Amino acid sequence: MPGWSPRAIRLGTEAMLVLGIETSCDETAAAVVEDGRQVRSSIVASQDDLHEEFRGVVPEIASRAHAERLLPVIRRALAEACVSLSEVDAVAVGHRPGLIGPLLVGVASAKALAWSLGKPLVGVDHVHAHLYAGLLAEEPRQAEDMPDFPALGLVVSGGHTSMFAMHSLTEITRLGGTIDDAMGEAFDKAATILGLPYPGGPAIDRLARQPEANDRAHAFPISRLAPESLDFSFSGLKTALLYAVRGRPGVGGDFERDHTSLSDRERADLSASFERAAVGAVMLKLERALGRCDRPPRSLLAGGGVTANTRLRRELVALADRTGLDLRLPPLRYCVDNAAMIAGLGSELLKVGRVSDLSLRAVPTTSV
Ligand code: KG4
Ligand code: ZN
């Protein structure tokens, strides 16, 4: 982080410094956050290169890479924040949901650190932490303004697609979620169908943004589910894209063609049309949720890797303008997995006394 001086930081302040640790999937991350909002450092070691050839995260490879990288990543986060381990007030760790092996590396390390330092340990829900990412700030003055509650929450990432009613930053109720693929997973699979590199979301976003890309070239289905449903589904859209690219399968299950016959223009049209339907489905459910809340939400907190998507960001801004919601969208670096969001939400949990002890477990499933 630019401009931090260790003297200025510790003299005459009672700043609360939380070290965050994140290892739930394929990013090894550590961060130091001051007073819950201000990011003093955020280090993310991506494993994309290790998983690219498999077009998905291989849990065993991810666990080993976390074990090798976590301590150097923590050391760098402390060094960049100009903070020594003894100055850390608490250790927060993403302990659910995620891949069990990767989670165990982070949770075991966080327990060891917290115990050896004699500092509180805070277990943080990774999905809830994505909702917090839009509140992180790098300048002190940004750290002051907080959203009003109740708020509507949206997390769209590689592993999760959920909507939440937020009564506060720490009282969160799930309204609905995906019944099949997560939105980012659908982007990644769509990219594979189109012959684009992994992870596919950014590649589809890039093609869909090209000026000549026509988002109405294909009328892909926008999933609605039952009229009252606040759940999401992306598998029908994925299949529609598969058939548009490869033709319908014959009796033997063989397709008529593959993605190698696509022109650049066709690939851009397919990407834009896919993106329009995927984003359209999310916007539809947000509007539905807004119409259903007992107390109208004042704010909209969104996060997760797919909130980096250009079209989704544009449509969320338009929705906020239309409805007067105070939209909190993370900057691109905090959309994807990071530890600053873990340290940030960890600080809020610490403030309300929700600390963990050494029995904290790594839990692969989402909390309800
Ligand atoms: O939040 P994240 O790092 O991981 C999970 O917690 O799951 O999200 C990664 C996901 C990947 O599926 C990736 O393709 C998607 O976010 N993604 C995007 C974009 N950037 C990342 N999807 C659509 N458009 C993007 N620009
Ligand atoms: Zn995530």
Side-chain angles (χ1 to χ4, degrees), residues 20-29 31 42 44-48 51-52 54-57 59 62 93-99 102-103 106 124-134 153-162 164 177-178 181-194 196-210 213 215 232 234 237-238 241 271-272 274-282 302-316 329-342 344-345 364-366:
I21 294 176
E22 159 58 34
T23 61
S24 67
C25 191
D26 62 337
E27 257 91 36
T28 314
S42 176
V44 180
S46 163
Q47 300 177 11
D48 278 353
H51 303 285
E52 189 176 8
F54 308 101
R55 294 193 155 269
V57 178
V93 60
H95 80 114
R96 78 178 305 159
L99 299 168
L103 282 173
V124 177
D125 183 300
H126 173 96
V127 181
H128 294 175
H130 272 302
L131 295 168
Y132 195 88
L154 172 74
V155 176
V156 280
S157 72
H160 313 282
T161 302
S162 300
F164 300 92
T178 182
D181 290 344
M183 192 177 186
E185 186 185 1
F187 270 85
D188 294 338
K189 288 177 178 167
T192 303
I193 294 170
L194 291 166
L196 299 171
Y198 172 88
I204 291 186
D205 191 350
R206 244 184 333 270
L207 284 184
R209 263 198 329 260
Q210 291 184 354
D215 65 1
F232 304 86
F234 294 100
L237 170 60
K238 193 180 59 188
L241 175 73
S271 296
F274 172 87
E275 194 181 85
R276 184 171 84 89
V279 171
V282 170
V306 188
T307 52
N309 182 267
T310 311
R311 182 173 195 135
L312 180 60
R313 292 178 85 83
R314 194 173 63 229
E315 297 203 12
L316 287 172
L329 256 181
L332 296 190
R333 64 190 164 287
Y334 300 133
C335 289
V336 289
D337 286 350
N338 65 84
M341 65 184 194
I342 301 288
L345 182 54
T365 52
T366 306

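First listed ligand is number 1; within each ligand, the first listed atom is number 1. Quick caveat: nothing in here was measured; it's all calculated off a predicted structure.
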Consider every N or O of F187 and every N or O of ligand 1, then say whether any pair is closer than 3.5 Å. no

Ligand 1 contacted by H130 (non-hydrogen, < 4.0 Å): yes

Has P202 got any heavy atom lying under 4.0 angstrom from an atom of ligand 1?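 Contact present.
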
Using a cut-off of 2.8 Å, how many protein N, O or S atoms lie below it in distance from the Zn ion (ligand 2)? 3

Taking [Y]'s backbone N and O only, do any of them form a donor-acceptor pair with [X]'s side chain (distance below 3.5 Å, no angle check)?
X	Y	result
N338	V336	yes
R96	T365	yes
T23	T28	no

Take the angle between the ring planes of H130 and H126 and call it parallel below 30°, perpendicular above 60°, tilted in between. perpendicular

Provide, to 0.1 Å, the distance between [atom] and the closest protein heavy atom, together with that atom's residue and name.
atom	value
atom 26 (N) of ligand 1	D205 OD2, 2.8 Å
atom 24 (N) of ligand 1	N309 ND2, 3.1 Å
atom 18 (C) of ligand 1	G201 CA, 3.6 Å

For ligand 1, indicate whether the residue M183 contacts it via side chain, backbone, both or neither (heavy-atom separation under 4.0 Å). neither

Are any non-hydrogen side-chain atoms of [X] and [Y] less than 4.5 angstrom apart?
X	Y	result
L194	F274	no
R333	V44	no
R313	L332	yes

Number the atoms of ligand 1 from 1 as they appear, then name those within less than 4.0 Å of a heavy atom of H126, with their elements.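 Matching atoms, with element in brackets: 6 (O).
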
Going by the closest heavy atom to [atom], which one wins out of [options]?
atom	options	result
atom 14 (O) of ligand 1	I204, D188, T307, D337	D188
atom 17 (N) of ligand 1	G305, A208, A190, S46	G305
atom 9 (C) of ligand 1	G94, G184, A278, G158	G158

So which heavy atom on G20 is nearest to which on A339, and how close?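 Between these two residues, the closest heavy atoms are O-CB, 3.5 Å.
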
Could you point out which residue of V155, T178, L154 forms a side-chain contact (heavy atoms from CB on, under 4.5 Å) with T161?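 Testing T161 for a side-chain contact (heavy atoms from CB on, under 4.5 Å) against V155, T178, L154 leaves exactly one candidate, T178.
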
When H95, H128, E22 are each screened for side-chain contact (heavy atoms from CB on, under 4.5 Å) with I342, the one that passes is E22

Report the residues that fulfil side chain to side chain contact (heavy atoms under 4.5 Å, CB included) with E275, sequence neighbours left out, ordered by chain and then residue number. F187, I204, D205, A208, V279, N309, R311

